[in-house]
Amino acid sequence: MFTLNATIVRITEESPSVRTFFFDLEFETMEPGQFVMVWVRGVDEVPMGLSRKNSITIQKVGEATSKLFELKEGDSFGLRGPFGRGFSLLSKGEKILIIAGGVGSAPLAPYADAACAVGSKVDTILGARNADDLIFEERFAAAGEVYVSTDDGSKGTKGFVTDILSRLDVLLYDRIAVCGPEIMMASVFRLLEDRKVLEKAEFSLHRYFKCGIGVCGACCIDRSGLRVCKDGPVFSGVQLLDSELGRYTRDASGRRVKI
Amino acid sequence: MYTLTGLELKNPTILAAGILGTTGASLCRVAREGGAGAVVTKSMGPMPKTGHPNPSMVRLDCGFLNAMGLPNPSYPGFLQELEIAKKDSGVPVIASIFGGTAAEFTKVAEGLLPGKPDAFELNVSCPHAEGYGTAVGTSPCLVEAITAAVKDVVNVPVWVKLTPNVSDITCVGTAAESGGADAVVAINTLKGMAIDIESGYPVLGNRSGGLSGKAVKPVAVKCVYDLYTALEIPIIGVGGVSSWQDAVEMMMAGASAVQIGSAVYDRVDIFSEISTGIEAFLQRKGYSNVKRLIGLSHEMV
């Protein structure tokens with residue numbers, strides 16, 4: 001499967017540092033939570049969760065994403081994918097809790113859309129540093145209740161997603177889907193472990209990828225040795241027991257880096 | 001169980017270098033869940049390296065093209081991973097190492113000795129890292145000197161992985177044997193390149209790289225066949241092995257064991273599948289053991 005050419009058809013600004021790029025391809029078989037490798041030619045190739053069948057939602061953080069932010073409608077980039085294992089498919093009538101932090105809402109928004117489409121009830125805890133950084137609030141709101149937290153209190157509860165989560169009765173939910181900064185996911189993991197509901201929780205991990213197709217091993221996590229790019233990026237809570245989650249990651253050379 | 005350069009292997013399938021070999025946990029998974037008879041680590045060098053920019057590996061219709069660029073945490077950074085692999089994999093662990101000179105090779109080998117690798121594999125064949133790999137591996141003199149230098153400082157078997165990007169692979173194979181190699185591993189990837197015609201950019205971040213997978217298997221079979229004629233030491237066949245039939249073919253050409261790399265793309269338990277397939281083939285043919293296959297095609301004239 002060769003690299004596809006994606007031409008940008010529309011760009012929307014989600015927050016001061018986050019933009020959605022709609023492209024002229026539709027990944028009909030995409031599972032929410034799957035990712036694509038985005039190739040900014042001549043610069044780098046980076047993994048990005050699909051925010052729709054035809055869009056990626058990107059935070060400007062490094063060289064490749066900065067170059068992407070310079071692109072305009074009509075410009076193009078290379079795409080490979082969709083790759084990896086997404087969030088578990090939904091059944092009608094299930095009750096779902098989504099916990100999204102910052103740009104972590106990008107792969108969760110299509111999950112909320114899919115849940116809504118099969119008639120599931122979806123509640124969302126949506127967190128960000130401030131009101132401007134809340135991503136896809138309206139998409140989550142269309143699927144059910146949204147509880148907002150901001151670090152600075154500019155909207156919703158002042159504090160973290162865990163402050164809201166600790167007040168909810170997690171036993172009411174059939175599934176819990178989590179994506180956000182690793183420190184946040186580790187806090188959520190510990191809380192769900194305490195409540196003994198890890199088996200119904202799924203977490204989407206972020207690691208440095210090289211090949212993106214499960215061959216090189218640069219993104220394997222301890223202690224399972226599972227590949228984030230192929231066995232993940234979405235893992236069940238049980239798979240992450242006794243793992244490196246929240247403790248360390250690895251850089252491009254394979255050295256452990258503390259989180 | 002059978003013996004390869006003194007190592008006891010439960011089956012003749014070995015994880016190739018550079019594949020799922022960056023962490024100890026990953027190597028253990030390939031051994032335990034995947035069923036590999038032995039595992040070779042990612043190549044370790046004297047200094048930490050981040051490797052080439054992405055894209056570093058792409059799938060083509062005929063195989064895979066990669067230019068990782070020898071990313072590695074360096075030998076001190078890898079010691080704890082090697083220890084994990086040794087403790088929990090339950091199979092021989094072979095440390096792949098690289099360097100630009102004989103002195104660098106011996107420095108890395110000595111540095112990894114506390115991790116007690118069961119053997120070393122010398123990477124003198126990576127086709128796309130400046131100053132390393134093929135840069136030294138195309139010279140029979142350098143290969144002999146590097147092999148001899150490493151043999152001098154370690155007391156475990158030394159395998160030498162050869163590049164097919166030479167006019168006659170047996171010259172380099174013979175040099176490795178003269179240097180004291182316990183086995184040669186053939187082949188590393190073939191130089192290759194792909195271009196994105198929409199933009200004109202070469203697809204790999206390093207512009208070009210090495211080809212692996214199905215397309216290279218006939219090249220590997222021929223290299224193994226020729227090396228079997230030229231050398232006394234065992235040959236480990238690698239290049240495009242993705243089924244038990246491929247493994248049997250490689251062994252009939254002269255390989256004492258096979259390494260599997262790109263084929264983990266399809267499934268990690270490819271090792272169990274291939275070793276089970278080989279066993280069934282031996283039974284069907286009435287061969288007493290796997291040794292009957294090694295070099296069999298040389299007798300068929």
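Only this structure's heavy atoms are used, side chains among them; waters, hydrogens and symmetry mates stay out.
The closest side-chain heavy-atom distance from Val215(A) to Arg59(B) is not below 4.5 Å. Residues Gln80(B) and Arg256(A) form a side-chain contact, since some pair of their non-hydrogen atoms from C-beta on lies under 4.5 Å apart. Inter-residue side-chain proximity for Met37(A) and Val58(B) is flagged as unmet; no heavy-atom pair is nearer than 4.5 Å. You'll find the side chain of Cys216(A) reaches within 4.5 Å of the side chain of Met68(B), heavy atoms only.
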**OP:** Carefully, step by step, assess Glu45(A) and Leu204(B) under the rule side chain to side chain contact (heavy atoms under 4.5 Å, CB included).
**Re:** CA-CA 10 Å; Glu45(A) 186 191 45; Leu204(B) 292 173; over 6 Å; no
Subject >> Verdict with supporting geometry, Leu20(B) and Arg227(A), side chain to side chain contact (heavy atoms under 4.5 Å, CB included) >> reply: CA-CA 9 Å; Leu20(B) 301 180; Arg227(A) 301 160 294 182; 3.6 Å; yes
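When all heavy atoms are compared, the tightest approach of Ser26(B) to Cys220(A) is OG-SG, 3.5 Å. Here the closest heavy-atom approach between residue Arg255(A) and residue Pro73(B) is recorded as CG-CB, 3.5 Å.
In this structure, the portion of Ile84(B) lying under 4.5 Å from any heavy atom of chain A is its side chain and not its backbone. Residue Tyr208(A) touches chain B through its side chain alone, counting heavy-atom pairs closer than 4.5 Å. Heavy-atom distances place no part of Phe78(B) under 4.5 Å from chain A, backbone and side chain included. For Arg41(A), the parts lying near chain B are the backbone and the side chain together; criterion is any non-hydrogen pair under 4.5 Å.
Using a distance-only test at 3.5 Å, with no hydrogens or angles considered, a donor-acceptor pair links the side chain of Lys230(A) to the main chain of Tyr265(B). At distances below 3.5 Å, not a single donor-acceptor pair connects side-chain atoms of Asn54(B) with backbone N or O atoms of Asp44(A).
For chain B, the option among Gly254(A), Ser76(A), Gly78(A), Gly42(A) with the highest count of heavy-atom pairs below 4.5 Å is Gly42(A). Interface remark: of the candidates Val30(B), Val203(B), Asn66(B), Val203(B) forms the most heavy-atom pairs closer than 4.5 Å to chain A. Across Thr22(B), Thr50(B), Ile19(B), the residue that shares the most heavy-atom pairs under 4.5 angstrom with chain A is Thr50(B). Ranked by heavy-atom pairs under 4.5 Å with chain B, the first of Gly217(A), Ala252(A), Ser253(A) is Ser253(A). Taking Glu33(B), His52(B), Glu81(B) one by one and counting their heavy-atom pairs under 4.5 Å with chain A, the maximum is reached by Glu81(B). Interface summary for chain A: among Asp88(B), Leu70(B), Val264(B), Asn72(B), the most heavy-atom pairs under 4.5 angstrom belong to Asn72(B). Counting heavy-atom pairs closer than 4.5 Å to chain A, the top-ranked of the candidates Asp196(B), Val268(B), Leu27(B) is Asp196(B).
Considering OG1 of Thr3(A) and CD1 of Ile195(B), their distance stands at 13.0 Å, rounded to 0.5 Å.
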